[in-house]
Amino acid sequence: MAWTNEELASRFAEIATLLKLTGADRFRVRAYERAASAIGAAPVDLGTLSPEEIAELKGIGESTARKIAEYRETGTIAMLEELRARVAPGATELLKVPGLGPKTAILLHERLGISGVDQLREALEAGRLDGLPGLGPKTQQNLREALDRLGAKEDGRVPAADALSLAEELRARMAAVPGVVDAAYAGSLRRMRETVGDIDVLVASDDPAPVMAALRDSDLVVKVLAAGDKKTSVLTVRGLQADLRVVAPEEWGAALVYFTGSKAHNVRIRERAVRRGLTLNEYGVFDKETGERLAGRTEAEVYAALGLAEIPPPLREDTGEVEAAAEGRLPQVVTLADLRGDLHGHTDWSGDGKAGLPEMLEAARARGLRWWAVTDHAEDLTMNGLTRERMLAQRAEIERLREQLPDLEILHGAELNIGLDGSVDYDPDFLAGYDFTVASVHTLFRRSREEQTRRIITAMHNPHVTAIGHPTGRKIGIRPGYDVDVDALIAAAVETGTALEINASPRRLDLSAEWVRRAVEAGATLTISSDAHSVGDLDNLRYGVLTAQRGRATPDSILNCRDVEGLRAFVAAKRERWS
DNA sequence: GCCGTTTTCGGCCCGACTGTTTTCAGTCG
């Protein structure tokens, strides 16, 4: 079964871009952009639906449905081919230059025949842009600098893992400025997208000037891109743009909604506001007739004024969440407060753990967890693994610590290694001594899809394997992971009663939100696991929760939302059924 | 091109900032 949505979405996005370059009506362009996003986010493979069913999806009408059918039948779309023939091949890359939009791209092409960034560079150097309307010396200089930055990075987005610490640092510095009531990072980072294009920091204060100055003068900033009374944009040391917006405290909720996005979500709720005789902007919800202010201090207040339940940030992608919130059928997604324990964590008993067992346990307890599974590496991982003897010694140590930490339940587990044949470390009797195990692939990534899939499914049939760790092995921005049929893993997880991990490390987020959604729909049980190697890593659980929210997972799908008896019952059920 | 608490046509989100515009267009988010 081919999964064609992503491919289709990119074709429609291309149509939208090409239409812009032909000067098409902007609403028509927006319709294609919406169609692309609706296709990309559809929870079912459009290859399996009839044209009538496809046209029922929000944002997809008759015309788009016809083009989808055409693409399925012929492998292409005539309109797209015509546009490709009309627009010069390099023209779309002009739109990737910050500050250069469709109007300027068309102007450059019509007046100077420019249809690519290299041609633009040459024309700038030769002074051929002089005298064109709207392209004075400042604009030309901005274009030169934008072209230089464009050459320095491959694409504009970086893994969220690379932006989080900088965002947190910026937030903390802004929060420390006198007069600041609240500070948060927003944008795609708050929605927990896997990659982000910039960092958005929002501050509530009645005195914006010192906050703006604190950012401009920061040692984290290499260039100020724009500086106004309400908004400042800078380029940071890591080449990532950061936008700062300061609002009054009573505007905080409205600004947080606006700055968190997504853009498509904002457009959707503003349309809803207009239909109800209201105006929504970053300062609040207002009555259109009287101008009276109706909401703005909190996000919940803003959504309520629009007749909506509060929508968790990861769901704000205009993929049906607004309609669901209006009809009271928003999924009650898992929250950090729902987590009672953590099922994957390391100590310095493993070669790669950085903190001692007592420290890790105390840190888990301090974060409000009721139980914590110690899962150091098993012996087959030669560098970091523990022998049987060391494992038994650790178990004895845990026994002692249980008396010292009466309000934290300690589970003794292990992170097992899945061999190429699907076997795991130790023998069945030894494995039966663990309270819980997670089994992961750590070696031989470059095997075929069939081998990898068979390997993991075989491990799932082991009665002592409770969960599969980081099921695809990817590291965002570093490596794609091994080739594996995740749909088959999900089916086997349901069949065998094995849990699938949502590894909460921002570098992994594995399973991804898209796979979480499909696993939840298939009825699988998931874990949200920190995979902590240090005390601070325990805070990564929140990124796992946000990923689970993006995948619309509710607490009943998440193993670590159960109390410890519930967890033990899950482990026992699988052992009894398959032993 | 899509869509309907204004329902099959006439609308389609809203504001900040920049530069070159002497009142606003273009771009961005």
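A, B, ... follow the sequence lines: proteins, then strands. Residue 1 opens every chain. Worth saying up front: this structure is predicted, and the values here are computed from it rather than measured.
- A salt bridge is absent between A/Glu125 and A/Arg121; no separation between the charged side-chain nitrogens and carboxylate oxygens falls under 4.0 Å.
- With the nearest nucleotide of DNA chain B identified for both A/Val274 and A/Gly228, A/Val274 has the one nearer the 5' end.
- The nearest whole Å value for the distance from the OH atom in A/Tyr258 to the C1' atom in B/dG29 is 5 Å.
- Checked by atom type, the side-chain pair A/Thr139/A/Asn142 shows no donor-acceptor distance below 3.5 Å.
- Here, B/dT27 and B/dT21 have their C1' atoms 15 Å apart, quoted to the whole Å.
- Comment: A/Arg550 engages A/Glu317 in a salt bridge, judged by a side-chain N to carboxylate O separation of less than 4.0 angstrom.
- Among the atoms of the strands shown, none is found under 4.0 Å from any heavy atom of A/Gly187.
- Set against B/dG1, B/dA16, B/dG26, the side chain of A/Lys103 has B/dG26 as its closest nucleotide.
- Minimum atom distance to the side chain of A/Pro137 is reached by B/dT20, of the listed B/dT20, B/dC13, B/dG1.
- The residue A/Pro133 sits apart from the nucleic acid: no heavy atom pair falls under 4.0 Å.
- Taking the C1' atom of each, B/dC17 and B/dT23 are spaced 16 Å apart, rounded to whole Å.
- Under a 4.0 Å N-O distance rule, the pair A/Arg474/A/Glu194 qualifies as a salt bridge.
- A/Asn266 comes within 4.0 angstrom of no nucleic acid atom, judged by non-hydrogen atoms across all strands.
- Considering only the side chain of A/Arg275, B/dT5 comes nearest among B/dT27, B/dT5, B/dA16.
- The CG atom of A/Asp318 sits 12 Å away from the P atom of B/dC13 (whole-angstrom rounding).
- The nearest whole Å value for the distance from the CZ atom in A/Arg66 to the C1' atom in B/dC2 is 13 Å.
- For A/Ser63, whose side chain is taken as the heavy atoms from C-beta onward, the closest listed nucleotide among B/dG15, B/dG26, B/dC2 is B/dC2.
- Here the side chain of A/Lys138 is nearest to one of B/dC13, B/dG15, B/dG19, namely B/dG19.
- Considering only side-chain N and O atoms, A/Arg270 lies nowhere under 4.0 angstrom from the phosphate OP1 or OP2 of B/dC13.
- When distances are taken from the side chain of A/Arg245 to each of B/dG15, B/dG29, B/dC13, the shortest belongs to B/dG15.
- Among the protein residues, A/Lys263 comes within range of the nucleic acid bases, having at least one heavy atom under 4.0 Å from a base atom.
- Both distances falling under 3.5 Å, in either a Watson-Crick or a G-U wobble arrangement, place B/dG11 opposite B/dC2.
- Considering only side-chain atoms of A/Thr279, the nucleotide from B/dT18, B/dG29, B/dC14 that sits closest is B/dC14.
- The residue A/Ala227 sits close only to the backbone: its heavy atoms come under 4.0 Å of sugar-phosphate atoms, none of a base.
- A/Thr64 comes within 4.0 angstrom of the backbone, heavy atoms only, and of no base.
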Walk me through whether A/Leu124 and A/Leu129 qualify under side chain to side chain contact (heavy atoms under 4.5 Å, CB included).
CA-CA 6 Å; A/Leu124 274 165; A/Leu129 269 62; 3.7 Å; yes

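- The NZ-P distance, from A/Lys96 to B/dC28, rounds to 14 Å in whole Å.
- Out of B/dT18, B/dC13, B/dG4, the shortest distance to the side chain of A/Asn142 is found at B/dT18.
- Rounded to whole Å, atom C1' of B/dA25 lies 12 Å from atom CZ of A/Arg26.
- Residue A/Ile60 is classed as a sugar-phosphate contact, given heavy-atom separations below 4.0 Å to backbone atoms only.
- Remark: C1' of B/dC13 and CG of A/Asn281 are 10 Å apart, rounded to the nearest angstrom.
- With respect to A/Arg66 and A/Glu70, no salt bridge is recorded, no charged nitrogen being found less than 4.0 Å from a carboxylate O.
- Electrostatic pairing of A/Glu321 and A/Arg191 does not count as a salt bridge here, judged by no charged N lying under 4.0 Å from a carboxylate O.
- When the nearest nucleotides of DNA chain B are assigned to A/Thr139 and A/Asp200 by heavy-atom distance, the more 5′-ward of the two goes with A/Thr139.
- Between A/Phe27 atom CZ and B/dG10 atom C1' there is a gap of 11 Å when expressed in whole angstrom units.
- Closest to the A/Thr104 side chain, of the nucleotides B/dG26, B/dG1, B/dG29, is B/dG26.
- Taking atom NZ on A/Lys67 and atom C1' on B/dC2, their separation rounds to 12 Å, with Å as the unit.
- Checking B/dT18, B/dC13, B/dA16 against the side-chain heavy atoms of A/Ala226 singles out B/dT18 as nearest.
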